[in-house]
Amino acid sequence: MSVKVHYEDNLFFLHSILRTLESGLRLDIDPEYFKDKILEDIFFIDASLMRTFSALKDNGYLINRAAYLRSLRRTVRAFADFLLRLNAGELGVSDIFNAHQDRLASTLSAHQRVMREIDAMLDQLAPDEEASDVVSSQEYDFLLAGEAEDPDSEG
């Protein structure tokens, strides 16, 4: 049985979690209360992005694949930037993650590799591949013009 994956919504939700996490780290919170939850969220985002990347990588015939890859790249970029800021100590309680520095560094490295792979995948797509799946605003206007006209009216 085939399962429909809602890539755009999933990526939007992951990006929202990331923004909330980053905002929370800028607050003057008690690190010992939140350290485990913050790490759990970081590694959840990591695993979810990697799972999404794997699904998109393996499904070359997916409709809107290029758009999903671009959304994934945006979210992966935001996550990698977050990890860089965390590592640089730019976020309020970054020092509490020193014990996890190696894992966070390898996570950052993996996401930088994913960005390069996404770029390569997007470069390989035919220039008109996505355009063929998109209906332009002019096409919508043309298609819907007949419905908007009153059938009883005369020109």
Side-chain angles (χ1 to χ4, degrees), residues 1-140:
M1 181 172 163
S2 154
V3 176
K4 181 175 175 143
V5 178
H6 303 277
Y7 291 101
E8 285 292 333
D9 290 340
N10 293 350
L11 291 169
F12 176 80
F13 184 63
L14 289 172
H15 207 109
S16 297
I17 293 171
L18 182 59
R19 283 192 312 261
T20 301
L21 188 59
E22 188 167 355
S23 296
L25 286 174
R26 293 186 189 279
L27 297 174
D28 191 22
I29 60 174
D30 292 321
E32 288 307 312
Y33 287 151
F34 299 102
K35 179 176 87 171
D36 292 338
K37 175 63 175 151
I38 292 167
L39 284 169
E40 180 183 317
D41 285 351
I42 289 170
F43 297 128
F44 171 78
I45 293 168
D46 168 43
S48 298
L49 289 173
M50 291 304 216
R51 189 170 47 244
T52 301
F53 173 65
S54 180
L56 288 173
K57 183 178 175 182
D58 294 342
N59 193 349
Y61 298 106
L62 182 67
I63 296 172
N64 297 325
R65 182 173 180 245
Y68 299 147
L69 284 169
R70 280 193 294 281
S71 292
L72 175 61
R73 189 183 190 299
R74 253 189 321 272
T75 306
V76 170
R77 162 63 68 196
F79 185 56
D81 290 346
F82 166 81
L83 292 173
L84 281 170
R85 286 190 299 277
L86 186 68
N87 186 43
E90 295 175 16
L91 301 175
V93 293
S94 298
D95 58 326
I96 64 169
F97 303 111
N98 289 340
H100 302 277
Q101 198 60 30
D102 290 341
R103 184 170 176 195
L104 291 170
S106 69
T107 299
L108 171 61
S109 190
H111 285 277
Q112 289 171 331
R113 179 189 48 79
V114 165
M115 283 189 293
R116 288 189 300 274
E117 286 187 47
I118 292 172
D119 286 342
M121 291 165 66
L122 288 170
D123 288 344
Q124 290 176 356
L125 295 176
D128 57 49
E129 184 173 325
E130 184 182 0
S132 67
D133 294 333
V134 176
V135 179
S136 71
S137 60
Q138 292 87 6
E139 289 172 313
Y140 271 120

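Along the sequence shown, residues are numbered consecutively beginning with 1. For clarity, every value in this text was computed on a predicted model and none was experimentally measured.
A search for side-chain contact (heavy atoms from CB on, under 4.5 Å) contacts involving Tyr7 returns Val5, Thr52, Ala55, Leu56, Leu62, Tyr68, not counting sequence neighbours. Listed by chain and number, the residues in a side chain to side chain donor-acceptor pair (under 3.5 Å) with Asp41 are Lys37 (sequence neighbours excluded). Residues meeting the side-chain contact (heavy atoms from CB on, under 4.5 Å) test with Ala110, sequence neighbours left out: Met50, Arg113. For the side chain to side chain donor-acceptor pair (under 3.5 Å) test, no residue two or more places apart in sequence or in another chain qualifies with Asp81. By the side chain to side chain donor-acceptor pair (under 3.5 Å) test, Asn10 pairs with no residue at all, sequence neighbours left out. Listed by chain and number, the residues in a ring-ring contact (aromatic ring centres under 6.0 Å, His included) with Phe53 amount to none (sequence neighbours excluded).
Between His15 and Ala78, the shortest heavy-atom contact is CE1-CB, 3.4 Å. Taking each heavy atom of Ala80 and Leu108 in turn, the nearest pair found is O-CD1, 3.5 Å.
With rounding to the nearest 0.5 angstrom, the CD1 atom of Ile63 is 13.0 Å from the CZ atom of Arg65. Residue Asn64 holds its CG atom at 10.0 Å from OG of Ser71, rounded to the nearest 0.5 Å. Going from atom CE of Met115 over to atom CG of Leu72 covers 10.5 Å, rounded to the nearest 0.5 Å. Interatomic distance, CG of Leu49 versus CZ of Arg73, reported as 13.0 Å (0.5 Å rounding). With rounding to the nearest 0.5 angstrom, the CG atom of Leu91 is 10.0 Å from the OG atom of Ser23. Atoms CG and CZ, on Asn87 and Phe82 in that order, are 11.0 Å from each other to the nearest 0.5 Å.
Annotation: salt bridge (charged side-chain N to carboxylate O under 4.0 Å, His left out) contacts involving residues 46-63, sequence neighbours excluded, comprise Lys57-Glu117. Pairs passing the salt bridge (charged side-chain N to carboxylate O under 4.0 Å, His left out) check and including a residue from residues 14-31, sequence neighbours excluded, read Glu22-Arg26, Glu22-Arg85. Listed by first then second residue, pairs satisfying salt bridge (charged side-chain N to carboxylate O under 4.0 Å, His left out) with a partner in residues 96-106 number zero, not counting sequence neighbours.
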Inset, instruction - Could you check Phe79 against Thr107 for side-chain contact (heavy atoms from CB on, under 4.5 Å), going step by step and ending with a plain yes or no? - result: CA-CA 10 Å; Phe79 185 56; Thr107 299; 3.8 Å; yes
Inset, instruction - Applying side-chain contact (heavy atoms from CB on, under 4.5 Å), run through Leu25 and Ile38 and close with a yes or a no. - result: CA-CA 9 Å; Leu25 286 174; Ile38 292 167; 3.5 Å; yes
Legend entry - Pair Phe44-Leu14, side-chain contact (heavy atoms from CB on, under 4.5 Å): steps then yes or no: CA-CA 9 Å; Phe44 171 78; Leu14 289 172; 3.7 Å; yes
Legend entry - Verdict with supporting geometry, Ile45 and Thr75, side-chain contact (heavy atoms from CB on, under 4.5 Å): CA-CA 10 Å; Ile45 293 168; Thr75 306; 5.8 Å; no
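For Phe43, the CZ atom counts as densely surrounded, since its 6.0 Å shell holds more than 12 non-hydrogen atoms of other residues, nucleotides or ligands.
Counting only heavy atoms from C-beta outward, the side chains of Leu122 and Arg70 approach each other to under 4.5 Å. In this structure, the side chains of Leu104 and Ile42 come closer than 4.5 Å at one or more pairs of heavy atoms.
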